[in-house]
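For clarity, every value in this text was computed on a predicted model and none was experimentally measured. Hydrogens, waters and symmetry mates are skipped; everything else that's a heavy atom, side chains included, is used.
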Amino acid sequence: MTFKQQILQGIPENLPPKKEYRRDANHAPKRKDILSLDEKKLAIRNALRYFPTAWHAALSKEFAEELKRYGRIYMYRFKPDYELYARPIHEYPAQSIQAAGIMLMIQNNLDPAVAQHPEELITYGGNGAVFQNWAQYLLTMQYLATMTEEQTLHIYSGHPMGLFPSSKEAPRVMVTNGMMIPNYSKPDDWEKYNALGVTQYGQMTAGSYMYIGPQGIVHGTAITVMNAFRKVLKTDENPEGKIFLTAGLGGMSGAQPKAGNIAGCITICAEVNPAAAKKRHEQGWVDELLDDLDGLVSRVKRAIQNKEVVALAFIGNVVDVWERFDSENLFIHLGSDQTSLHNPWAGGYYPVGLSFEESNHLMSEHPEEFKVKIQETLRRHAAAINAHTAKGTYFFDYGNAFLLEASRAGADVMAENNIDFRYPSYVQDILGPMCFDYGFGPFRWVCTSGKTEDLRKTDAIALRVMEEIKLTAPKEIQQQMQDNITWIREAENNKLVVGSQARILYADAEGRAKIAEAFNQAIQSEELSAPVVLGRDHHDVSGTDSPFRETSNIYDGSKFTADMAIHNVIGDSFRGATWVSIHNGGGVGWGEVMNGGFGMVLDGTPEASKRLKNMLFYDVNNGISRRSWARNDEAIFAIKREMERTPELKVTLPNLVEDELLSNLFD
């Protein structure tokens, strides 16, 4: 059968042969054995409903074995034989070009060059899934191939509920992931209900089909690291020969060494999984691999002496590095962590003193003992960081729930008021006031032709638009404009593409709309050879309500509310998005965040031009409005400026209260 025929058939007519378990793949760790006997039977019953009754006898035993061995039912037998990668858009069987664009993005998320655990349909973060199993993938692709532009596909946590009549103006796909009743949104609830096959963790851009490999977070990390160095260095200093120490090379965190090289420092990134470290080295994201502390210390001392810009991966536990650098008196200018601590008990973080294999065995066979060792490690980790910050190290939480989980482990990470953390989130100190409050966030696009020359043309278009905007931009956003102009000018040289021909930069509503309109015109004139998919990271101005990350610089008490993210996805859906998504969970953990995303296919038509202007304007200004109501000065400036430019926009502004008025009210 051809590729198109396989897509169109969905669930095969005949039971395919059982596949061998791939030993050479980077598999997800075994999940917790959390279901009762009756619940395990229910999980099998739930899985079998995708298949004809005649297959149930054979598949029930197979799925029971998967559940026992891996803690989940992935349905490996039904993984397609064709390669998974982002093909040019016209190679997909589809009645709707918008649906074909979504198919392309789904396959990009599952490309082994992009995905962290592709056999288990997990894109990044240890548990960020596109689907729960391969049957869901097959059905979804079949629905997308056959749908018209007057139907909408509804996806319930990976499960394609079906095609429903709608309209051309409606989204082609609506995605939800992990929408739990609030009292059932604890970590073990994910373990249980995911094992039952009724919900999933979509992370942020995994379950919304908008992941573009590590490039997305390379940009955000580069912006963060550059501005962190600006905070700690004198005006006549630069980052060369200065240390940025962090951890994590899987999925999103793999971007850190590349970002460090762009920022121009010595990056040391520890990773306990040798396969992940070697993969990043092979991809060129890491310059050198080291696996012993003595060699690492010697290499770092030489890099400091020579004022090098270099990215070093240490295969081992980062706690050992923090402690050894303390005893060696090696000064760390910047410190952070990007292990998947939103998922601490299932492979997101590993205990010090055990090998990767020993840890995985302990995790699956003795989970309570594993948890004890994780919390012991977190206390040691925090103590080592505290020793360095006492010497002047600037440590920031990079939104991975490090400080949250360390506090739950009893580590010394709380401020004197015992409410706040002693270290800031990077959003509090950098991205919030410098970017999000002004409307700058991670705008991205994918050239669906798959051609490098199309990506090069879009880079040139975006650069031209940004330079034109900068000429009249106010002084408050000149630095943001220049950083992103520099970024896009150097993007091709930095070799950021993994998987699809994609790019990202930070832009505000004006920049996003003008760049998108220029793309649409280039498609119409055939300067670009195929449509362009627009999107963004959920980690943005208004897509995400996350009190320990995206909204950590909201101080009016509303950072624990999620109205903004919900309004964002609903508002985008009727303003022209091709698909929208809303997720429980993300980089800081299940039950800790609500985040929404979108995708939009530009096809060169006047209708696409109308949609992009309407939707992108709202997508950004919804968040600026909320941030201005929280009394953030930068956001008040930005929304006032937008109301002057757009008379139809009328936003409620806060009246500011003098501190002295409140000082004696409750004495």
Side-chain angles (χ1 to χ4, degrees), residues 11 27-53 55-79 117 119-123 125-140 154-162 174-203 206-207 342-348 363-365 367-368 371 581-586 589-592 594:
I11 301 295
H27 286 285
K30 180 182 178 181
R31 305 303 185 185
K32 187 183 295 187
D33 182 5
I34 199 170
L35 300 182
S36 67
L37 179 59
D38 284 345
E39 287 168 338
K40 289 176 180 177
K41 292 178 181 179
L42 179 58
I44 303 300
R45 187 185 299 273
N46 287 343
L48 291 174
R49 58 186 162 178
Y50 288 101
F51 306 103
T53 307
W55 299 358
H56 286 187
L59 292 181
S60 60
K61 295 176 184 177
E62 186 175 318
F63 293 166
E65 182 62 25
E66 284 189 17
L67 187 61
K68 178 181 179 181
R69 184 170 295 180
Y70 313 118
R72 296 292 187 273
I73 300 170
Y74 297 114
M75 307 180 185
Y76 291 117
R77 179 194 290 256
F78 293 93
K79 182 186 176 186
H117 304 305
E119 298 292 307
E120 291 77 33
L121 303 107
I122 290 170
T123 302
N127 56 2
V130 187
F131 299 101
Q132 297 178 61
N133 56 59
W134 287 104
Q136 292 177 348
Y137 166 84
L138 294 175
L139 281 173
T140 297
H154 291 255
I155 307 281
Y156 282 34
S157 285
H159 170 66
M161 187 58 70
M174 300 279 291
V175 179
T176 57
N177 281 300
M179 293 292 105
M180 303 297 292
I181 303 300
N183 282 347
Y184 300 86
S185 201
K186 297 178 289 295
D188 272 357
D189 291 324
W190 170 73
E191 294 279 3
K192 176 179 178 179
Y193 293 104
N194 189 226
L196 282 173
V198 295
T199 196
Q200 76 171 7
Y201 197 100
Q203 251 287 350
H342 68 278
N343 183 31
W345 322 125
M363 182 197 315
S364 61
E365 303 303 323
E368 291 307 313
K371 183 174 180 178
S581 60
I582 186 76
H583 304 175
N584 166 22
W590 181 261
E592 304 288 354
M594 293 291 288

Find the distance between [atom1] ([X]) and [atom2] ([Y]) and round it off to the nearest 0.5 Å.
X: T199; Y: W590; atom1: OG1; atom2: CH2; value: 4.0 Å
X: Q132; Y: N46; atom1: CD; atom2: CG; value: 9.5 Å
X: H56; Y: I44; atom1: NE2; atom2: CD1; value: 11.5 Å
X: L121; Y: Q136; atom1: CG; atom2: CD; value: 8.5 Å
X: W190; Y: D188; atom1: CH2; atom2: CG; value: 10.0 Å
X: K40; Y: I34; atom1: NZ; atom2: CD1; value: 11.0 Å

Looking at the rings of Y76 and Y70, which for Trp means the six-membered one, are their centres under 6.0 Å apart?
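Under 6.0 Å, so yes.
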Can you check whether F51 and F78 have ring centres sitting under 6.0 Å from each other?
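Yes: the rings meet the under 6.0 Å criterion.
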Main-chain N/O of [Y] paired to [X] side chain as donor or acceptor, under 3.5 Å:
X: T176; Y: Y156; value: no
X: H154; Y: M174; value: no
X: N133; Y: I73; value: no
X: N343; Y: G126; value: no
X: S60; Y: A57; value: yes
X: N584; Y: M179; value: no

Is K186 atom NZ crowded by more than 12 heavy atoms from other residues, nucleotides or ligands, each under 6.0 Å away?
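Enclosed.
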Locate the shortest heavy-atom distance separating [X] from [Y]; write the atom from each residue and the value.
X: Y50; Y: I11; value: O-CG1, 4.1 Å
X: E39; Y: S36; value: OE1-N, 2.8 Å
X: Q203; Y: H583; value: O-ND1, 3.0 Å
X: L35; Y: A195; value: CD1-CB, 3.8 Å
X: A47; Y: F63; value: CB-CD1, 3.7 Å
X: G347; Y: P29; value: CA-CG, 4.3 Å

Any chance you could lay out the side chain to side chain contact (heavy atoms under 4.5 Å, CB included) test for V130 and Y137, step after step, and finish with the verdict?
CA-CA 8 Å; V130 187; Y137 166 84; over 6 Å; no
Cationic tip of R72 within the cone over W134's six-membered ring, i.e. under 6.0 Å and within 45° of the normal?
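Output no; distance or angle outside limits.
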Do E119 and K79 pass the side chain to side chain contact (heavy atoms under 4.5 Å, CB included) test, and can you show the C-alpha distance, the side-chain angles, and the key distance before you say yes or no?
CA-CA 8 Å; E119 298 292 307; K79 182 186 176 186; 2.5 Å; yes
Would you call K192 and D189 a salt bridge, using N to O less than 4.0 angstrom?
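No.
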Between W345 and E191, is a side chain to side chain contact (heavy atoms under 4.5 Å, CB included) present by the stated rule, with each step listed?
CA-CA 10 Å; W345 322 125; E191 294 279 3; 5.7 Å; no
Beyond-backbone contact of M363 with K30, side-chain heavy atoms, under 4.5 angstrom:
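In short, these two side chains do not touch, never coming nearer than 4.5 Å.
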Give the intermediate values and the outcome of side chain to side chain contact (heavy atoms under 4.5 Å, CB included) for residues L59 and R77.
CA-CA 9 Å; L59 292 181; R77 179 194 290 256; 3.7 Å; yes
